[in-house]
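To find a chain, count down the sequence lines: A is the first, B the second, and so on, and within it residues start at 1. Bear in mind the structure is a predicted one, so any value in this text is a computation, not a measurement. Just the heavy atoms: all of them, side chains too, but no hydrogens, waters or symmetry mates, feed the values below.
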There are 2 protein chains.
Amino acid sequence: MEQRRADTIAEALEERIFDGTYSDGDRLDEVRLAEQFGVSRTPFREALQRLARSGLVELVPRRGAFVRQPGPVELIEMFEAMAEIEAVCGRLAAMRISDEALAALQDANVKCEAAVGCQNPDGYYTENERFHRIIYEQSGNSYLTTEANELHRRLKPFRRQQLRLRGRMAQSMAEHKAILDALEAGDPVAAAETLRGHVAIQGEKFHSLMATLKRVTEV
Amino acid sequence: MEQRRADTIAEALEERIFDGTYSDGDRLDEVRLAEQFGVSRTPFREALQRLARSGLVELVPRRGAFVRQPGPVELIEMFEAMAEIEAVCGRLAAMRISDEALAALQDANVKCEAAVGCQNPDGYYTENERFHRIIYEQSGNSYLTTEANELHRRLKPFRRQQLRLRGRMAQSMAEHKAILDALEAGDPVAAAETLRGHVAIQGEKFHSLMATLKRVTEV
DNA sequence: GTCAAGATTTTTGTATACATGACGGGCATT
DNA sequence: AATGCCCGTCATGTATACAAAAATCTTGAC
């Protein structure tokens with residue numbers, strides 16, 4: 001699959017939005033940025049439109065493109081949607097998961113535990129992501145899988161913060177175990193419930209999220 | 001909100017794809033169609049990219065834009081996803097729905113029943129859509145609402161066929177009643193279950209869907 | 001008659017030029 | 001001094017021109 005220039009530009013812009021180079025409300029000047037990327041306005045505008053579709057920028061007619069970071073309400077809604085969609089994937093996966101996938105989940109979990117032991121948040125994060133993506137995949141529904149992956153990607157920057165919470169990794173491991181048990185038992189209801197609880201933002205996680213939000217938006 | 005030309009073109013193309021003017025695999029010639037719409041290639045390409053993001057068109061680099069109708073597998077997956085997302089919306093709505101929304105749902109249902117009495121499928125269809133959109137809205141989650149509306153829109157052409165099934169409208173009414181009861185009772189589980197069952201493609205509905213699919217793709 | 005390689009043509013991707021609508025500053029009026 | 005209007009400047013939206021890649025056609029050899 002050949003890569004258009006607009007694709008690479010979109011990725012670069014996305015990266016800059018995620019890492020905070022551009023923050024909420026910033027206008028993305030077409031001529032200046034196109035020049036900076038070494039392309040003309042045409043492919044750059046293509047990239048902007050793609051980002052607009054993912055919701056990262058807002059395209060106001062005749063006024064330009066503006067960075068659109070999710071606010072507190074939007075973020076909470078996205079986390080809730082993530083929890084519900086993961087629950088759905090888990091429900092379906094409980095009825096459809098393959099033995100290979102179950103083994104892969106177990107493998108991811110083992111490596112997660114190892115990462116916890118080594119105080120290695122990055123390793124934990126990588127394997128945790130694999131764990132979840134396997135469940136999306138095993139829903140056996142590519143539409144849901146795509147949606148789940150997309151939401152997962154957008155929440156990535158905020159999710160990462162959650163792991164910093166004291167004792168969060170250990171608790172998360174216990175929840176993974178419960179999820180795995182439900183999937184092995186082929187219990188759709190239990191799989192859905194445990195996954196929803198695992199992903200949902202509640203209690204201390206909520207305050208933590210709000211705190212990081214403040215830090216991001218106030219800079 | 002000002003409308004770009006690319007927007008109107010995208011809508012027109014979408015319409016033509018839905019109504020079968022263009023069918024699966026057709027190439028959308030940039031110069032010919034842009035001329036036909038009376039615009040240059042630039043806004044027309046914008047429209048193509050938008051359609052590509054909705055999944056109606058596939059943009060193959062260096063080869064062009066091709067109409068991408070969902071195949072049987074994809075359609076079944078989309079209907080399943082719709083059923084699951086509606087179930088989620090129902091679950092949340094059962095906990096959050098307002099009295100006004102409940103009244104609106106009842107109103108939609110009454111008008112549905114009237115339409116059934118008058119043998120008026122169009123009227124039924126309109127009110128049925130309103131019924132479902134209210135439930136999406138009352139999930140209290142705008143992300144889910146957007147996703148649900150989008151899926152609903154894409155499945156519209158296929159859903160319409162389902163209503164032609166003998167006795168389908170009457171059965172559907174009974175299901176609406178059960179959904180309404182669950183929402184009134186504030187029972188999340190019942191709301192989710194009844195909605196999932198209502199939307200899911202199963203039994204005769206499945207064969208009917210396959211039949212319409214054949215008719216569409218073989219023309 | 002078939003297949004292959006080169007030339008031609010068509011078409012996509014990108015750059016640039018042009019036109020129209022938006023924002024801001026300055027001036028006049030109250 | 002404040003407000004409203006007008007004009008200049010600039011950015012966006014669109015058209016057109018150019019370049020590169022793919023598809024097609026032609027021609028020649030086996």
Looking across every strand, which nucleic acid part, if any, lies under 4.0 Å from B:Arg27 by heavy atom: base, sugar-phosphate, or nothing?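 Result for B:Arg27 = sugar-phosphate.
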Does A:Arg41 reach a base, just sugar-phosphate, or nothing at all? Heavy atoms under 4.0 Å.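 Answer is base: heavy atoms of A:Arg41 come under 4.0 Å of a base.
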Would you mind reading off the distance between [X] atom [atom1] and [N] atom [atom2], rounded to a whole angstrom?
X: B:Asp7; N: D:dG13; atom1: CG; atom2: P; result: 10 Å
X: B:Leu48; N: D:dT14; atom1: CG; atom2: P; result: 14 Å
X: B:Arg32; N: C:dT10; atom1: CZ; atom2: P; result: 15 Å
X: B:Arg5; N: C:dT20; atom1: CZ; atom2: C1'; result: 10 Å
X: B:Phe37; N: D:dG13; atom1: CZ; atom2: P; result: 20 Å
X: A:Ile9; N: C:dG13; atom1: CD1; atom2: P; result: 14 Å
X: B:Asp29; N: D:dA23; atom1: CG; atom2: C1'; result: 13 Å
X: B:Glu35; N: C:dT12; atom1: CD; atom2: P; result: 14 Å

Are [X] and [Y] ion-paired here, with the side-chain N under 4.0 Å from a carboxylate O?
X: A:Glu14; Y: A:Arg50; value: no
X: B:Glu129; Y: B:Arg159; value: no
X: B:Glu80; Y: A:Arg96; value: yes

Considering just the side-chain nitrogens and oxygens of B:Thr42, establish if one lies under 4.0 Å of OP1 or OP2 belonging to D:dT14.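 No, B:Thr42 has no side-chain N/O under 4.0 Å of OP1/OP2 on D:dT14.
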Looking at B:Arg45, does any N or O in its side chain come under 4.0 Å of the phosphate oxygens OP1/OP2 on C:dG13?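 Yes, B:Arg45 has a side-chain N/O under 4.0 Å of OP1/OP2 on C:dG13.
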Can you tell which of [options] lies closest to the side chain of [X]?
X: A:Ser40; options: C:dT12, C:dT16, D:dT12; result: C:dT16
X: B:Val31; options: D:dA15, C:dT12, D:dG13; result: C:dT12
X: A:Glu30; options: D:dT12, C:dA15, C:dT12; result: D:dT12

Before you tell me yes or no, could you show the steps for B:Asp7 and B:Arg5 under salt bridge (Lys or Arg N to Asp or Glu O under 4.0 Å), namely the whole-Å CA-CA distance, both residues' side-chain angles and the distance that decides it to 0.1 Å? CA-CA 5 Å; B:Asp7 291 353; B:Arg5 298 207 209 192; over 6 Å; no
Side-chain donor/acceptor contact of A:Arg63 with base of D:dT12 under 3.5 Å: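 No.
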Let me confirm one number: the CG-CD distance from A:Asp107 to A:Glu100, rounded to the nearest 0.5 Å.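 Those atoms lie 13.5 Å apart.
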